[in-house]
Visitor: 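Handing you this structure, nothing more for now.
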Amino acid sequence: MRIYNSQSRQKETFVPIREGQAGVYCCGPTVYDFFHIGNARPFIMFDLLRRVLIRQGYQVTFVQNFTDIDDKMIQRANREGISVKELGDRFIKEYYQDAGALGVKPADVHPRATEHIPQIIKIIQELIDKGLAYERDGDVYYSAAGFPGYGKLSGQDMEELEEGARVSVDEDKRSPIDFALWKAEKPGEPSWDSPWGKGRPGWHIECSAMSMEYLGDSIDIHCGGQDLIFPHHENEIAQSEGATGKPFVNYWMHNGFLNINSEKMSKSKGNFFTVRDILEEYDAETVRMLMLSAHYRSPLNFSREMMEQAHASLARLYTLRDHLAFLLEKTEDKRLSAADEAFIQGTQDSLKHFDDALADDLNSAEAMGALFEMVYSANTQLSESSARAAVQAAWDVLHEATDLFGLLTKKQEALPEAVQKLAEERAQARKNKDWQQSDALRKQLSDLGYVVEDTPQGQKVRKAL
RNA sequence: GGCGCCAUAGCCAAGUGGUAAGGCGAAGGUCUGCAAAACCUUUAUUCCCCAGUUCGAAUCUGGGUGGCGCCUCCA
């Protein structure tokens, strides 16, 4: 497995800390609202990372947090007249629903910031003890200047940062680039007891605390969006390494943005679609198809046209799946011809190509290309005169690849009785060469969402995607 | 101002030193009663531009141009 490490800015061979195991931490959502389709990109792509690692034989521990306490949470909760806890509970539930719909599996651990206050306090105390943090009127700040490696992930220079820093809201800080570890209680805000009085954690510290809790002081892979590189991940490094004195993360992975009209989709710009809304109109697998068609680090434009293209590509996979099922019934269990053997070898080669592409920094676009090579090969080389084993090989490889991609999850279903009846009537009308009647029935089936195909082996009816 | 990313056909997208994968779309064709699906043919002598290195560059170097992002909450 090769991974592009944002810190070294090059691809590196993945060497886990513990052989055969991989500890992965991904920054999760702030649960103050539904997440949008741009937020879904890292969820889908790093879920793919997890699947690939597992396929390669690693024992993966995958952790993704919920940020359930911050300014936005408090604002939203106040606006809705509910507690921050209630708000978090609600949108964590919504997260599971949308992520699940998108085929994103739940992480091994989904820790909540508010349930790790003792761990957070412990790290802050360690940082204070080491002189890397200081308290001011109940607030605690990290002293970035005290950590020599500050800026190593983002390539930022301390002095440039200080000069370029925007107006500092909080004048208690020693330096504009210092950041809050603990915020003193303000009226109307939830708070927890701490050695520095009542208050709540800053944003960055939760990820240090929770990754340490579930993955240890050093973790293999840490992922998130490119917009988290600075300051969030830079700050995590400072906190974690400052506290433990050990390397925090070996491989940093950052996904590119999902754009709209070439601009980053974001809540603040208002140019976003929630996953909830998108799934009203499009199939979840179409969303996956779109995401998988581009490399995770590249920018990806989201548009209706892109969704239509992804949908059409996906339909090609379903068509083949259905066609293979059809062939499995028609073909015989006979001796393999030379052509069958060559075909089976070809499917294995395609699968190898598929795996190799994914092992190369999660190149899902190339892997998709490998999958479609197999699709083409099956479409051109298989027929009812093929040996069943050859068809089975195509079926197996198709499913190995699409299972990993989280595609073709909709199983073939028996036709509803009404559909079956119409289909039979149409078959009869065709036999009678009553084209008008048969076309009318085909139209009726189409309106019900079923496609009718006349093949040499008879009429085939399938559900339209 | 600082730190980065991106630029490949009508649309999307791999490829990062050896002569342009794949998908969508479009046109024509085979098949079909007509369709659908699939298949066949066509759709980039060329990879934003200009120099340079090299036997050889979309790929490396330098310089431009255009777009985007982070430096404030953001996946």
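So you know, we letter chains A, B, ... as the sequences are listed, proteins then strands, and number each from 1.
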Visitor: To the nearest 0.5 angstrom, please state how far the CZ atom of A/Arg41 sits from the CG atom of A/Leu300.
Guide: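 With rounding to 0.5 Å, CZ (A/Arg41) is 4.5 Å from CG (A/Leu300).
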Visitor: Considering only the P atoms, how many Å lie between B/C71 and B/A27, rounded to the nearest integer?
Guide: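 B/C71 and B/A27 have their P atoms separated by 46 Å.
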Visitor: Base, sugar-phosphate, or nothing for A/Leu228, non-hydrogen atoms under 4.0 angstrom?
Guide: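 A/Leu228: backbone/sugar contact only, no base atoms under 4.0 Å.
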Visitor: Could you tell me whether A/Gly38 contacts a base, only the sugar-phosphate backbone, or nothing, with contacts defined as non-hydrogen atoms closer than 4.0 Å?
Guide: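 The residue A/Gly38 makes base contact.
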Visitor: Rounded to whole angstrom, note down the C1' distance from B/U42 over to B/C49.
Guide: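 Each nucleotide's C1' atom is 30 Å from the other's.
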Visitor: Please state the C1' separation for the pair B/U43 and B/C70 - nearest whole angstrom.
Guide: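 Roughly 40 Å separates the two C1' atoms.
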Visitor: Classify A/Leu258 by what it touches in the nucleic acid, base, sugar-phosphate, or nothing, heavy-atom distance under 4.0 Å.
Guide: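 Contact class for A/Leu258: base.
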Visitor: If you compare all heavy atoms of A/Asp68 against all heavy atoms of A/Val84, which two are closest, and at what distance to 0.1 Å?
Guide: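 In this case the closest contact between A/Asp68 and A/Val84 is O-CG1, 3.4 Å.
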Visitor: With a non-hydrogen cut-off below 4.0 angstrom, is A/Gly151 in contact with a base, only sugar-phosphate, or nothing?
Guide: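 It contacts nothing in the nucleic acid.
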Visitor: Filter on salt bridge (Lys or Arg N to Asp or Glu O under 4.0 Å), then keep only pairs touching residues 141-157 of chain A, sequence neighbours left out; what's left?
Guide: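 Qualifying pairs, neighbours excluded: A/Lys152-A/Glu241.
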Visitor: Should B/A21 form a Watson-Crick or G-U wobble pair with both distances under 3.5 Å, which nucleotide is its partner?
Guide: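 WC or wobble partner does not exist here.
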Visitor: Could you tell me how far B/G4 sits from B/G23 if I compare only their C1' atoms? Round to whole Å.
Guide: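 Nearest-Å result for B/G23 against B/G4 at atom C1': 30 Å.
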Visitor: Can you tell me the Watson-Crick or wobble partner of B/C3, both distances under 3.5 angstrom?
Guide: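 Check on B/C3: paired to B/G69, both distances under 3.5 Å.
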Visitor: If the C1' atom of B/A9 is compared with that of B/G52, how far apart are they to the nearest Å?
Guide: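 Comparing C1' positions in B/A9 and B/G52 gives a spacing of 28 Å.
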Visitor: Could you walk me through whether A/Glu236 and A/Cys27 pass the side chain to side chain contact (heavy atoms under 4.5 Å, CB included) test, one step at a time?
Guide: CA-CA 11 Å; A/Glu236 281 185 47; A/Cys27 286; 3.7 Å; yes
Visitor: I need the single residue from A/His233, A/His222, A/Gln226 that forms a side-chain hydrogen bond (donor to acceptor under 3.5 Å, both in side chains) with A/His254. Which is it?
Guide: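 That would be A/His233; it is the only one of A/His233, A/His222, A/Gln226 passing the side-chain hydrogen bond (donor to acceptor under 3.5 Å, both in side chains) with A/His254.
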Visitor: With a 3.5 Å limit on both atom pairs, tell me what B/U53 is paired to, counting Watson-Crick and G-U wobble, or say none.
Guide: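 Per the H-bond distance test, none.
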Visitor: Could you work out the separation of B/U59 and B/C47 based on their C1' atoms and round it to a whole Å?
Guide: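 About 10 Å, rounded to a whole number of Å.
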Visitor: Going through the checks in order, is the side chain to side chain donor-acceptor pair (under 3.5 Å) test met by A/Arg430 and A/Gln459?
Guide: CA-CA 10 Å; A/Arg430 282 196 83 233; A/Gln459 178 178 273; 5.8 Å; no
Visitor: What contact category does A/Tyr376 fall into here, base, sugar-phosphate, or nothing, at under 4.0 angstrom with non-hydrogen atoms?
Guide: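 Answer is sugar-phosphate: A/Tyr376 comes under 4.0 Å of backbone atoms only.
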Visitor: Which comes earlier along RNA chain B counting from the 5' end, the contact point of A/Ala310 or that of A/Thr380, where each point is its nearest nucleotide?
Guide: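 Closer to the 5' end of RNA chain B: A/Ala310.
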Visitor: Taking the side chain of A/Asn379 as its heavy atoms from C-beta onward, which of B/A38, B/G69, B/C12 lies nearest to it?
Guide: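 The answer is B/A38, which lies nearest to the side chain.
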Visitor: Are OP1 or OP2 of B/A14 and a side-chain N or O of A/Ser298 less than 4.0 angstrom apart?
Guide: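 Looking at the OP1 and OP2 atoms of B/A14, one of them is under 4.0 Å from a side-chain N or O of A/Ser298.
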Visitor: Provide the Watson-Crick or G-U wobble partner of B/C39, both distances under 3.5 Å; none if there is no partner.
Guide: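 B/G29 - that is the nucleotide pairing with B/C39, both distances being under 3.5 Å.
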Visitor: Any base atoms under 4.0 Å from A/His36, or only sugar-phosphate, or nothing? Heavy atoms, all strands.
Guide: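 Contact class for A/His36: base.
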Visitor: If only atom types and distance count, is the side chain of A/Glu285 paired as donor or acceptor with the main-chain N or O of A/Leu408 below 3.5 Å?
Guide: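 Yes; judged by distance alone, with no hydrogens or angles, the pair exists.
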Visitor: Mark up nucleotides 25-37 of chain B, 5' to 3', with B wherever a protein heavy atom is under 4.0 angstrom from a base atom, S wherever such an atom reaches only the sugar-phosphate, and - elsewhere.
Guide: --------BBBBS
Visitor: For B/C48, what is the paired nucleotide under Watson-Crick or G-U wobble rules, both distances under 3.5 Å?
Guide: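 Matched B/C48 with B/G64 under the 3.5 Å cut-off.
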Visitor: Tell me, which pairs form a salt bridge (Lys or Arg N to Asp or Glu O under 4.0 Å) where one or both residues lie in residues 289-315 of chain A, sequence neighbours left out?
Guide: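 Checked against salt bridge (Lys or Arg N to Asp or Glu O under 4.0 Å) - neighbours excluded - the pairs reaching residues 289-315 of chain A are A/Glu281-A/Arg304, A/Arg297-A/Asp361.
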Visitor: Nearest nucleotide by nearest heavy atom, which residue falls closer to the 5' end of RNA chain B, A/Glu305 or A/His353?
Guide: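 Here A/Glu305 is the residue nearer the 5' end.
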Visitor: Between B/A14, B/G23, B/A75, which nucleotide gets closest to the side-chain atoms of A/Ala294?
Guide: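 The listed nucleotide nearest to A/Ala294's side chain is B/A14.
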Visitor: Once you apply a heavy-atom cut-off of 4.0 Å, does A/Glu373 come out as touching a base, just sugar-phosphate, or nothing?
Guide: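 Here A/Glu373 touches the backbone only, sparing every base.
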Visitor: Can you check the distance between B/A44 and B/A38, where both ends of the measurement are the P atom (answer in whole Å)?
Guide: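 Roughly 23 Å separates the two P atoms.
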Visitor: Does the B/A14 base have a donor-acceptor partner in the side chain of A/Asn363 within less than 3.5 Å?
Guide: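 Not at all, since no donor on one side and acceptor on the other fall under 3.5 Å apart.
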Visitor: Considering only atom C1', compute the distance from B/G17 to B/A58 and round it to an integer number of Å.
Guide: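 That atom pair is separated by 11 Å.
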